[in-house]
Structures are given as structure tokens and as C-alpha cells.
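Encoded as C-alpha cells, the structure appears first; notes follow it.
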Amino acid sequence: MQAKVKGKHMLTVVSATVFVACQTIASAIAAGWALGGLFHLGTIGEYGLMALFTVPALYLTRVYARGALKAESALTA
């Protein structure tokens with residue numbers, strides 16, 4: 001069953017999702033940079049860790065967005 005969210009509620013879901021995405025991706029990139037620097041991995045190692053940590057951050061953002069959409073549709077129904 002498709003969740004139906006309208007107008008103001010959709011704006012709330014999108015705004016919260018953008019906020020969560022910015023926080024999780026920034027944390028993932030910062031963690032990759034910090035661990036790469038801590039273990040002296042060099043630029044390529046830092047970028048690799050940043051990419052490695054960003055993948056789960058994107059997945060968690062997707063999970064959050066789906067949950068927020070489901071919760072908003074349940075509240076407006």
C-alpha cells in the first residue's frame with residue numbers, strides 16, 4: 001500500500017530527511033577523515049574511508065525517510 005502524504009506534511013518529511021541526511025553524511029565523512037589521519041593512511045586512504053562510511057549513511061538516510069513518510073501518512077489518515 002502506497003503512503004499518501006499531502007502538502008505541509010510532505011514538506012515536513014522532506015525537510016527532516018534533508019536535515020538527517022546532512023548530519024549522517026557529514027559524520028561519515030568526518031569519521032573517514034579522522035581515522036585516515038589517525039592511522040596515517042594518506043589522501044587516498046582518507047577518501048576510501050570516507051566513501052566506505054558514506055554508504056551506510058546513505059542507507060540509514062533512506063531508512064529514516066521511509067519511516068518518516070510512513071509515520072506521517074499514519075498520522076494524517
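Note that the numbering runs from 1 along the sequence shown for the chain.
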Are V63 and F53 connected into the same hydrophobic cluster when the rule is that any two of I, L, V, M, F, W, Y join if their side-chain heavy atoms are below 4.5 Å apart?
no
Could you give the distance from CG (L49) to OG1 (T54), rounded to the nearest 0.5 Å?
10.0 Å
Among the clusters formed by ILVMFWY side chains lying less than 4.5 Å apart, do W33 and I25 turn up in the same one?
yes
For the hydrophobic clusters of this structure (ILVMFWY residues joined by side-chain heavy atoms under 4.5 Å, transitively), does one cluster hold both L38 and L41?
yes
Nearest heavy-atom neighbours spanning A65 and V13
O-CG1, 4.5 Å
To check you understand the geometry: which heavy-atom pair defines the closest contact between E72 and T12, and what is its length?
OE2-CG2, 4.4 Å
Non-hydrogen side-chain atoms of L75 and H9 separated by less than 4.5 Å:
no
What do the steps show when you test L69 against M10 for side-chain contact (heavy atoms from CB on, under 4.5 Å), and what is the final call?
CA-CA 8 Å; L69 187 61; M10 188 61 166; 4.1 Å; yes
Could you tell me the separation between the CE atom of M50 and the CG atom of L35, rounded to the nearest 0.5 Å?
10.5 Å
Is any side-chain heavy atom of Y64 less than 4.5 Å from a side-chain heavy atom of T24?
no
